[in-house]
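Just the heavy atoms: all of them, side chains too, but no hydrogens, waters or symmetry mates, feed the values below. Order of the sequence lines fixes the chain letters, A, B, ..., with proteins taken first and strands second; residue numbering starts at 1 for each chain.
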4 protein chains.
Amino acid sequence: MVRVAVVGAGYWGPNLIRNFSACPDTELVAVCDRDEERLAKVLRPYPGVEAVDDFDRILRRVDIEAVAIATPVHTHAPLGVTALEYGKHVLVEKPLAGSVAEAEQLVAAAKHSGRILMVDHTFIFSGPVQKIKQIIDSGELGDLYFIDSVRINLGMFQHDVNVVWDLAPHDLSILDYLVGRLPSSISAFGTSHANELADIEDVAYLNLDFSDGLLASFHVNWLSPVKVRHFIIGGSNKSIVYDDLEPTERVKVYDRGITISDDVETKRGVMVGYRTGDVWSPHIQGVEPLAQMVRHFAECIRENKQPVTSGEAGLRVVRILEAAQRSIKAQGGRITISGENLLRHAA
Amino acid sequence: MVRVAVVGAGYWGPNLIRNFSACPDTELVAVCDRDEERLAKVLRPYPGVEAVDDFDRILRRVDIEAVAIATPVHTHAPLGVTALEYGKHVLVEKPLAGSVAEAEQLVAAAKHSGRILMVDHTFIFSGPVQKIKQIIDSGELGDLYFIDSVRINLGMFQHDVNVVWDLAPHDLSILDYLVGRLPSSISAFGTSHANELADIEDVAYLNLDFSDGLLASFHVNWLSPVKVRHFIIGGSNKSIVYDDLEPTERVKVYDRGITISDDVETKRGVMVGYRTGDVWSPHIQGVEPLAQMVRHFAECIRENKQPVTSGEAGLRVVRILEAAQRSIKAQGGRITISGENLLRHAA
Amino acid sequence: MVRVAVVGAGYWGPNLIRNFSACPDTELVAVCDRDEERLAKVLRPYPGVEAVDDFDRILRRVDIEAVAIATPVHTHAPLGVTALEYGKHVLVEKPLAGSVAEAEQLVAAAKHSGRILMVDHTFIFSGPVQKIKQIIDSGELGDLYFIDSVRINLGMFQHDVNVVWDLAPHDLSILDYLVGRLPSSISAFGTSHANELADIEDVAYLNLDFSDGLLASFHVNWLSPVKVRHFIIGGSNKSIVYDDLEPTERVKVYDRGITISDDVETKRGVMVGYRTGDVWSPHIQGVEPLAQMVRHFAECIRENKQPVTSGEAGLRVVRILEAAQRSIKAQGGRITISGENLLRHAA
Amino acid sequence: MVRVAVVGAGYWGPNLIRNFSACPDTELVAVCDRDEERLAKVLRPYPGVEAVDDFDRILRRVDIEAVAIATPVHTHAPLGVTALEYGKHVLVEKPLAGSVAEAEQLVAAAKHSGRILMVDHTFIFSGPVQKIKQIIDSGELGDLYFIDSVRINLGMFQHDVNVVWDLAPHDLSILDYLVGRLPSSISAFGTSHANELADIEDVAYLNLDFSDGLLASFHVNWLSPVKVRHFIIGGSNKSIVYDDLEPTERVKVYDRGITISDDVETKRGVMVGYRTGDVWSPHIQGVEPLAQMVRHFAECIRENKQPVTSGEAGLRVVRILEAAQRSIKAQGGRITISGENLLRHAA
């Protein structure tokens with residue numbers, strides 16, 4: 001049993017608290033938050049968990065092996081680095097940090113301390129993404145041609161983070177996991193409406209170029225009247241559609257290649273019934289992603305192994321977020337993504 | 001009755017032939033195509049219509065007042081300009097021409113000849129677009145915040161035109177009609193897969209900036225395993241979703257404004273049930289757009305008035321297409337849209 | 001080439017005219033209708049087809065081998081029997097006749113004359129039904145447990161036929177084709193609203209019992225604000241859902257058996273994610289059912305073979321329709337289906 | 001604060017426990033279950049609630065004013081009647097009892113004791129049903145023509161209750177609430193597959209006749225590969241579709257009347273675009289039905305008023321369930337519904 005403290009009892013914290021409590025491999029010993037009232041309320045169903053209002057107390061308790069940080073983004077690096085320096089294993093809510101520089105500090109601190117640094121890219125642990133990874137790794141799709149994601153809904157505005165830093169980490173972490181390499185450049189576009197003074201974008205588009213024919217595009221939006229979670233992965237042999245709002249058939253594999261024809265008759269035929277192969281919707285395990293994530297964290301600590309959503313994975317996502325931010329401010333100017341182009345990580 | 005000849009009996013021609021035949025205000029007298037066999041086949045149900053294999057014969061017949069051109073894009077301007085010079089009224093299949101220069105020649109020729117030049121932007125005459133125009137013009141939506149269109153499907157590859165010139169004219173003509181002004185700049189991204197040698201893009205994204213907070217984005221794609229025709233218009237007061245594949249409720253108006261909150265409880269509430277107003281789906285007239293278009297052409301000739309989808313509207317669309325093309329070749333480089341910023345045209 | 005005359009140029013006639021014209025195995029020589037104006041209008045695109053206002057002329061022309069009857073239901077039997085007596089092959093629009101007695105006359109006349117009698121159960125020739133038949137015949141579904149069909153929409157009221165005779169023939173013919181045997185009894189319920197004086201039912205439910213655990217239920221409705229075409233076939237091993245309004249994935253096969261559990265935990269699990277197998281949506285050929293039907297008629301005449309949708313199949317459907325009608329008038333009283341229980345017909 | 005004990009910690013009990021705990025008007029003081037292990041597990045998050053394994057202790061505690069019974073159906077009446085005799089207010093999970101006789105005992109015991117008897121017809125307290133009730137009561141729909149409900153999914157088999165007693169109480173309680181009167185007769189059909197020996201129906205159809213043109217039909221099914229929760233209410237002026245699986249637009253009002261036409265042209269027109277009015281989807285409050293239900297129970301106790309889902313409402317539903325059961329065993333034989341035809345209850 002890994003003894004864990006959760007830091008931050010705000011929006012995401014209660015989810016971590018619930019899962020660290022329920023996980024057979026972890027023991028939740030304390031939760032830290034400065035807002036005592038909120039903390040008391042959140043911990044009501046967990047009488048055995050200690051409420052702590054001072055982060056230092058967490059750091060000094062040697063029986064606490066790991067901390068999970070669910071505080072505002074700009075505090076991820078200072079809190080995380082300190083915790084690593086105190087010899088704690090660290091799990092950080094997504095995004096890993098608010099800048100590349102900070103994310104690099106976290107990665108460096110983890111390396112130096114020899115402790116586990118993991119980022120909570122929850123979607124990686126979900127049934128649909130696990131299944132899609134499996135299918136892509138089997139080679140079934142052929143070459144990847146395009147990836148298109150739409151993640152839009154009416155969202156509440158936050159004062160410190162724009163729609164890119166709020167929603168795109170989900171898609172970028174999925175992209176990173178599935179594709180296993182960084183894009184070579186990015187162009188992004190965004191506008192602010194509800195919060196113009198603060199210049200916080202609420203609509204944004206990201207275009208990522210991989211220099212090998214693969215184009216990835218992401219639409220994130222807090223102003224959409226309808227909620228959409230639609231992900232298409234187009235391949236040379238088959239393609240996948242992942243609709244996270246479908247109640248049962250969330251992942252569909254389309255056995256459909258491209259046919260070239262300049263014959264008008266064929267063209268008409270295709271327009272009438274444009275599918276020419278079967279569709280297959282694999283059964284998806286009904287796992288709770290967060291439960292899997294928490295378990296994986298415990299397992300990596302126990303076996304001293306690199307998490308699938310390692311600090312490096314978190315850094316790669318922050319690298320793209322920061323480049324996207326710069327591109328938006330440059331009205332879509334193309335930003336080259338620096339940084340090592342990592343080899344495909346092990347599943 | 002306006003006496004009309006259709007030029008080109010290929011993919012789109014038969015649709016024009018059918019509608020000019022059926023329209024009570026037009027009389028289809030001749031169809032011109034070099035492929036005599038195809039022409040004979042197409043005209044079988046129309047024994048009274050003359051088959052002509054030489055465009056000159058059409059030009060010289062003084063009883064033919066108008067020609068409708070449905071030939072490959074690069075021939076639109078030479079054929080159209082000649083017809084206008086011969087005093088014919090001219091309808092051109094979309095896009096108006098293959099370049100801004102050619103489109104300008106057409107507009108100039110129409111001005112010089114005093115004849116009607118109209119482009120077949122069919123969607124403008126459809127029930128849903130007419131209804132959306134009405135709603136926008138009523139001011140109900142408030143300020144326009146974003147326009148997002150997804151027009152994707154498995155498509156056949158053409159040898160002369162890429163996916164932008166094939167599909168985007170629909171969206172750009174709708175945008176032009178609804179918004180009534182040109183964007184200030186465009187950035188576009190595209191890749192070629194099936195036809196790499198010919199360098200014909202099959203996936204593309206267009207980002208149009210209007211310099212006033214309005215961002216319009218278009219995804220056009222010939223490689224998508226699923227067909228999507230989804231158009232969102234986000235406004236400060238209300239928003240519209242237009243799904244052209246919905247069998248009955250194609251246009252929906254969402255009575256939903258933006259609310260700003262940094263309160264966690266409210267945020268959670270919104271995530272659970274994120275709609276806070278009614279949805280209204282207006283009844284749409286079941287008209288055939290092409291029949292309306294043909295009728296409007298006849299009406300403009302008869303009353304000597306400017307068509308809603310005038311040569312100028314066609315030129316504006318071509319201006320964006322050409323800029324998109326240049327931007328794609330410059331890997332998303334931002335292209336300023338030149339040209340007069342037209343006043344809102346009359347409905 | 002089979003030389004055919006179509007009788008009746010009303011609602012369904014033009015569809016037959018179009019298909020007999022286009023079919024390479026048939027030649028449409030004449031169309032008969034008493035309404036000369038309607039006839040002239042319908043035949044305008046077919047200058048080579050003779051317009052006839054007197055059925056006798058059709059009968060007497062020895063060059064006409066076959067007639068297709070698309071007249072009001074109560075005239076099917078008198079016209080069809082006469083045509084058979086004159087040695088014509090006969091195709092009858094569904095339902096075959098307005099009563100069992102009349103349908104039996106048609107079947108007897110066909111037997112006596114040695115001519116082909118076929119009923120236009122169009123759906124049997126559609127891609128989805130053909131695919132479902134194939135899957136059922138492969139044994140993949142296991143035992144059939146239930147069949148449920150919903151065929152509802154806003155429909156226009158006819159003065160001579162109720163919603164059961166209008167819509168249920170589609171479902172009953174599909175049922176007959178897929179299951180290959182008659183139910184043992186039927187109970188039906190219906191009410192009249194729009195046309196109470198005429199007592200023409202506009203909403204009806206049919207419950208068919210096969211005495212072996214298979215229950216088939218049909219909901220037909222002219223008053224529904226939404227259009228539904230939803231067919232479920234539940235089997236012991238797998239099940240099929242056929243949604244005729246789905247643009248592409250019209251047939252889905254669910255690899256899902258029944259699991260019995262009185263364990264609360266399992267029960268909860270199933271409620272959260274209740275699918276436990278893959279879903280497979282086979283590619284469906286984009287054929288036009290009516291074109292296939294017409295071709296099959298010609299083929300049966302040429303090869304003197306029994307049609308898949310034979311007079312007997314039409315009679316079986318009428319048997320159920322008549323029993324349904326009697327049951328409705330008896331407020332759901334159970335009606336035993338008489339008549340031979342036919343062996344599974346050849347595909 | 002009403003002091004409450006929950007009896008039964010099995011499938012539904014934990015939901016009641018959670019809601020009685022959270023409700024500001026109630027205090028959960030004890031939970032009773034014979035399975036001590038299960039009880040301990042369920043109560044872990046509620047350290048202040050007493051675990052009791054003997055129902056008598058609940059009865060004898062005078063500080064407990066009310067009990068909520070969530071035990072197997074056949075125990076509802078004995079436990080409920082005893083509790084009422086001990087002067088407790090009683091809430092019973094649906095269905096109220098396993099037979100009309102038992103339900104009548106409960107109603108009589110409540111009358112005699114002067115205590116509140118309420119049945120947990122949860123759906124009555126849901127946002128969609130509340131909104132539909134409001135619309136129906138406004139008279140907007142006109143006369144009710146038909147009500148059709150489909151409530152199907154893959155369900156787990158219970159050993160003591162069939163699909164009718166498991167799923168139909170939801171629909172019948174909604175029907176009772178919306179229509180406010182009993183049907184005059186019922187015919188029902190069902191078959192057993194998975195549990196043939198026990199003769200427990202897993203597929204069933206209920207047809208309810210109201211003798212005034214209103215027909216209500218219910219399809220309940222534990223063998224369906226797909227989950228459907230679809231409710232149509234057809235009226236003479238407008239109609240409602242309530243789809244409980246729609247994420248946002250769960251209730252839609254169709255402004256669509258019936259038009260009668262024997263003109264073929266009109267008929268075609270309607271078939272092409274069969275809607276002739278707007279669709280309106282009212283905003284639905286995102287309330288938790290169970291929280292509302294618990295609150296209403298407390299309110300009825302405090303103000304000594306009749307619950308909306310009173311014992312009588314529960315009895316009416318059981319009356320139909322029992323009649324349905326008898327009809328199924330009589331292969332659809334028509335069963336007259338006895339019992340007072342209650343006046344429309346106050347909202």
Side-chain angles (χ1 to χ4, degrees), chain A residues 10-11 143 145-146 148 150 152-159 185 187 189-196 202-203 205 207 209 213-215 217 219 221-227 232 234 236 238-241 252 254 256 258-262 264 266-268 270-271 274-275 279 331-334, chain B residues 10-11 143 145-146 148 150 152-159 185 187 189-196 202-203 205 207 209 213-215 217 219 221-227 232 234 236 238-241 252 254 256 258-262 264 266-268 270-271 274-275 279 331-334:
Chain A
Y11 175 61
D143 296 330
Y145 279 175
F146 72 93
D148 180 85
V150 179
I152 65 179
N153 55 263
L154 268 178
M156 280 302 114
F157 288 83
Q158 297 167 352
H159 287 140
S185 69
S187 301
F189 304 86
T191 44
S192 308
H193 301 94
N195 221 334
E196 285 181 68
D202 41 42
V203 177
Y205 293 89
N207 291 285
D209 188 359
L214 174 59
L215 202 62
S217 171
H219 175 199
N221 193 322
W222 278 338
L223 301 182
S224 171
V226 285
K227 187 176 182 179
I232 311 178
S236 56
K238 293 188 184 178
S239 295
I240 286 178
V241 173
K252 290 183 182 177
Y254 290 79
R256 178 71 165 95
I258 305 163
T259 47
I260 304 175
S261 169
D262 41 1
V264 166
T266 309
K267 184 172 174 180
R268 281 175 187 276
V270 160
M271 287 191 165
Y274 59 85
R275 266 181 70 218
V279 181
Q331 289 176 283
R334 197 168 156 231
Chain B
Y11 175 60
D143 295 331
Y145 278 176
F146 72 93
D148 180 85
V150 179
I152 66 181
N153 55 263
L154 270 177
M156 280 301 112
F157 289 83
Q158 297 167 353
H159 286 139
S185 69
S187 301
F189 305 86
T191 44
S192 308
H193 301 94
N195 221 335
E196 286 180 69
D202 41 42
V203 177
Y205 293 89
N207 291 283
D209 188 0
L214 174 60
L215 202 63
S217 171
H219 176 199
N221 193 322
W222 278 337
L223 301 182
S224 171
V226 285
K227 187 176 182 180
I232 311 178
S236 55
K238 294 188 181 178
S239 295
I240 287 177
V241 173
K252 290 183 181 176
Y254 290 79
R256 179 71 167 94
I258 304 162
T259 48
I260 302 175
S261 168
D262 42 1
V264 166
T266 309
K267 184 173 174 179
R268 281 177 187 276
V270 161
M271 286 191 167
Y274 59 87
R275 264 181 69 218
V279 181
Q331 290 176 283
R334 196 168 156 233

Item to check | Distance, nearest 0.5 Å, that separates CG of A:Asn207 from OG of B:Ser217 | outcome: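 The OG atom of B:Ser217 is 7.5 Å from CG of A:Asn207, to the nearest 0.5 Å.
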Next on the checklist: Can you tell me how far apart CG (A:Asp209) and OG1 (B:Thr191) are? Round to the nearest 0.5 Å.
Outcome noted: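 It comes to 8.0 Å.
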Checklist entry - Quick one: are B:Val203 and A:Tyr145 in side-chain contact, heavy atoms under 4.5 Å? => result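 Heavy-atom side-chain distance check fails, nothing below 4.5 Å.
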Checklist entry - Going by heavy atoms in the side chains, are A:Phe189 and B:Ser187 under 4.5 Å from each other? => result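 Side-chain contact under 4.5 Å: yes.
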Checklist entry - Taking it one step at a time, do B:Ile232 and A:Asn221 satisfy side-chain contact (heavy atoms from CB on, under 4.5 Å)? => result CA-CA 11 Å; B:Ile232 311 178; A:Asn221 193 322; over 6 Å; no
Checklist entry - Quick one: side-chain hydrogen bond (donor to acceptor under 3.5 Å, both in side chains) partners of B:Asp148, sequence neighbours excluded? => result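 side-chain hydrogen bond (donor to acceptor under 3.5 Å, both in side chains) check on B:Asp148 returns A:Tyr205, A:His219.
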Next on the checklist: Shorter than 4.5 Å, heavy atoms on both sides: which option in A:Ser185, A:Ser239, A:Gly234 has the most such pairs with chain B?
Outcome noted: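 Max contact count across the listed options: A:Ser239.
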Next on the checklist: Checking the side chain of A:His193 only, and the main-chain atoms of B:Gly213 only, is there a donor and an acceptor separated by less than 3.5 Å?
Outcome noted: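 Yes: the side chain of A:His193 pairs with the backbone of B:Gly213.
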